[in-house]
There are 2 protein chains.
Amino acid sequence: MPPDVQQVPAATVARLPLYLRCLEELEQTKVETVSSSRLAELAGVNAAKLRKDLSHLGSYGTRGVGYQVAHLMRSIRFELGLDEQSPVIVIGLGNLGQALVNHAGFGDRGFPIVAVFDIDPNKIGRRVEGVDTAVEHLDNLETVVAAHEARTAIITTPVGAAQSATDRVVAAGITSVLNFAPTVVQVPEGVALRQVDLALELQILSYYQPRPETSPEHGARDENLRAAR
Amino acid sequence: MPPDVQQVPAATVARLPLYLRCLEELEQTKVETVSSSRLAELAGVNAAKLRKDLSHLGSYGTRGVGYQVAHLMRSIRFELGLDEQSPVIVIGLGNLGQALVNHAGFGDRGFPIVAVFDIDPNKIGRRVEGVDTAVEHLDNLETVVAAHEARTAIITTPVGAAQSATDRVVAAGITSVLNFAPTVVQVPEGVALRQVDLALELQILSYYQPRPETSPEHGARDENLRAAR
DNA sequence: TTGTGTGAAAGTTTTCACAGCT
DNA sequence: AGCTGTGAAAACTTTCACACAA
């Protein structure tokens, strides 16, 4: 790995979108200024941590007052590269793919779903709510990605197809991959990857369940948001 | 916080389910023994990290040989408290709720969905694939939770309803909450919580997109699974 | 000879506590 | 008087590198 001038620590990057979401809530209620302690409370984090996170933006709060909601939102959006819409493609129209596509939350937050791919002939050509174009065959991937200049792909294929689907979207020019298939996929250097496995979240929670028999002491604790995710 | 004998570090707990998933894949291919380096490769982590993680289980690998797949699976399941099925309820039958309920992945991994709740009269009584009982009104929550001895709830309500839904399931006896509503919910001490916001994942990825204009250097890196989630 | 288990070092993240701006 | 920005300490996590068991 190169010298790698890491501007903003990974743990901070993973929290910035959370702060942004809280700020959006505040803006909707016409709040113009917010203190670190109030925002931290909304985000469920410690106030010092929040201030340190924001300090990486070179962000200007005002001592004795707090942060300008609108200004802070702009700073975070800029830092994350959320200034413009970022078209997304979805590979695999199973249950989860279907739900993600219908889910308005992506488009509303700057990630419009511009195309959905599958290989099942029964699904090709089907119209899906929330997407302008019909379901495409995976063979059209390269053309469609190029046409929309999409850079981000969501993988919701079955496990067995996830790696090949990933390889293929990467070859087509995708540089960010969000994998929901419950298997680890590999991507080359230069491609960003996050993996979410829903059942895995439940298994993690399971550890923190109060349990009688087990050794000295488990016992529920909090502090499990998405630690650094 | 009390002295709190933390058996296993949080970062390790968050990875154990991942190892378990990899081991399940190995078992299906009749592999009986695996080395730390091979398993680490499958899980996408560093081998030393994996060994240290497993050392917290007091788990016995065999030097010069590796780990017994079957034995290691048992150890991890025991540590996480996955020995028995853990019934789950889902609150909110929107797009995402629907998808999660249909999704076979939960039941297969020991988390059968035993009931789904909503408050929309049009949804109450509807049958949903993957669940034995019809959609219930939220008013029946307490009775149903008690009947199934459910301890885990998945929240997929709209933002505005998430906190009250959470308060209510906790009052009904739920001790693990997985929140998909894009808002922070609070839970009392003793209740375990994880929050997943799908759009937020895309925003995090956005930071790691190669971008031209921006300051000294961003540039995509890997290492973003769910870092200590 | 192979590959685990683990001290010790390095790196990252969180938290504290307070100087200093408004 | 209030609240940010930040050094410094503490806590946690990762990685290294090697003794040692099979």
Side-chain angles (χ1 to χ4, degrees), chain A residues 1 3-16 18-19 23 31-69 71-72 75 204 221-229, chain B residues 1-16 18-19 31-69 71-72 75 204 221-229:
Chain A
M1 221 173 266
D4 195 16
V5 184
Q6 180 76 329
Q7 290 276 147
V8 181
T12 296
V13 170
R15 282 185 298 262
L16 289 176
L18 174 63
Y19 303 152
L23 288 164
V31 174
E32 295 186 355
T33 299
V34 66
S35 68
S36 63
S37 52
R38 176 78 183 110
L39 184 54
E41 185 191 348
L42 290 173
V45 305
N46 169 302
K49 185 195 285 185
L50 181 135
R51 288 202 302 277
K52 184 141 284 184
D53 283 343
L54 296 185
S55 75
H56 293 292
L57 309 184
S59 164
Y60 281 25
T62 310
R63 295 180 186 210
V65 179
Y67 300 90
Q68 290 294 118
V69 171
H71 179 267
L72 189 49
S75 301
I204 297 171
R221 244 152 275 105
D222 344 28
E223 200 64 31
N224 333 17
L225 191 133
R226 115 141 344 225
R229 157 317 241 190
Chain B
M1 220 174 266
D4 192 19
V5 185
Q6 179 76 332
Q7 291 276 148
V8 183
T12 295
V13 170
R15 281 185 299 263
L16 289 177
L18 174 64
Y19 303 152
V31 174
E32 294 186 358
T33 299
V34 67
S35 69
S36 64
S37 51
R38 175 77 183 112
L39 184 53
E41 184 190 348
L42 290 172
V45 305
N46 170 302
K49 185 194 283 184
L50 181 135
R51 288 202 301 278
K52 185 140 282 183
D53 283 343
L54 296 186
S55 75
H56 293 291
L57 309 184
S59 163
Y60 280 28
T62 311
R63 298 182 186 211
V65 179
Y67 299 90
Q68 290 294 118
V69 171
H71 178 268
L72 190 49
S75 300
I204 296 171
R221 243 152 276 106
D222 345 26
E223 200 64 32
N224 331 19
L225 192 133
R226 115 142 346 226
R229 44 227 226 112

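So that the names make sense, note that chain A is the first sequence line, chain B the second, and so on, each numbered from 1. FYI, side chains are in, hydrogens and waters are out, and symmetry mates aren't considered; it's all heavy atoms of this structure.
- Rounded to an integer number of Å, the gap from B/Leu54 CG to C/dT4 P is 9 Å.
- In terms of modelled atom types and a separation under 3.5 Å, the side chain of A/Ser35 and the main chain of A/Arg38 share a donor-acceptor contact.
- Note that CG of A/Leu42 and CG of A/Leu18 are 9.5 Å apart. Values are rounded to the nearest 0.5 Å.
- The separation between A/Lys52 atom NZ and D/dG7 atom P is 7 Å, rounded to whole Å.
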Practice item. Under the side chain to side chain contact (heavy atoms under 4.5 Å, CB included) rule, what do B/Val8 and B/His56 come out as? Steps first, then yes or no, please. Key: CA-CA 6 Å; B/Val8 183; B/His56 293 291; 4.2 Å; yes
Please produce a list of atom pairs where a protein N or O lies less than 3.5 Å from an N or O of nucleotides 9-11 of chain C.
none

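- In this model, the phosphate group of D/dT14 is approached by a side-chain N or O of B/Arg15 to a distance below 4.0 Å at OP1 or OP2.
- The side chain of A/Ala11 sits closest to C/dT13 out of C/dT13, D/dG7, C/dT6.
- Distance B/Leu72 CG to C/dT4 C1': 12 Å, rounded to the nearest Å.
- One interatomic measurement links the two molecules: CG of A/Asp53 to P of C/dT12, which rounds to 16 Å at whole-angstrom precision.
- Between A/Leu39 atom CG and D/dT4 atom P the separation is 10 Å, expressed in whole Å.
- In this model, the phosphate group of C/dG3 is not approached by any side-chain N or O of B/Ser36 to a distance below 4.0 Å at OP1 or OP2.
- B/Leu50 places its CG atom 12 Å from the P atom of D/dT15, with the value rounded to the nearest Å.
- For the helix from C/dT1-D/dA22 to C/dT22-D/dA1, the end axes, each set by the C1' atoms of five terminal pairs, are bent relative to each other by 10° (nearest 10°).
- Rounded to an integer number of Å, the gap from CG of B/Asn46 to C1' of C/dT6 is 14 Å.
- Of the side-chain N and O atoms in B/Tyr60, none sit less than 4.0 angstrom from OP1 or OP2 of C/dG3.
- By the 4.5 Å heavy-atom criterion applied to side chains, A/Tyr67 and A/Arg51 are counted as neighbours.
- Note: NE2 (A/His56) to P (D/dG5) measures 12 Å, nearest angstrom.
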Please write out each protein N/O paired with an N/O of nucleotides 20-22 of chain D under 3.5 Å, distance rounded to 0.1 Å.
residue, atom, partner, partner atom, Å
D/dC20, O2, B/Arg63, NH1, 3.1

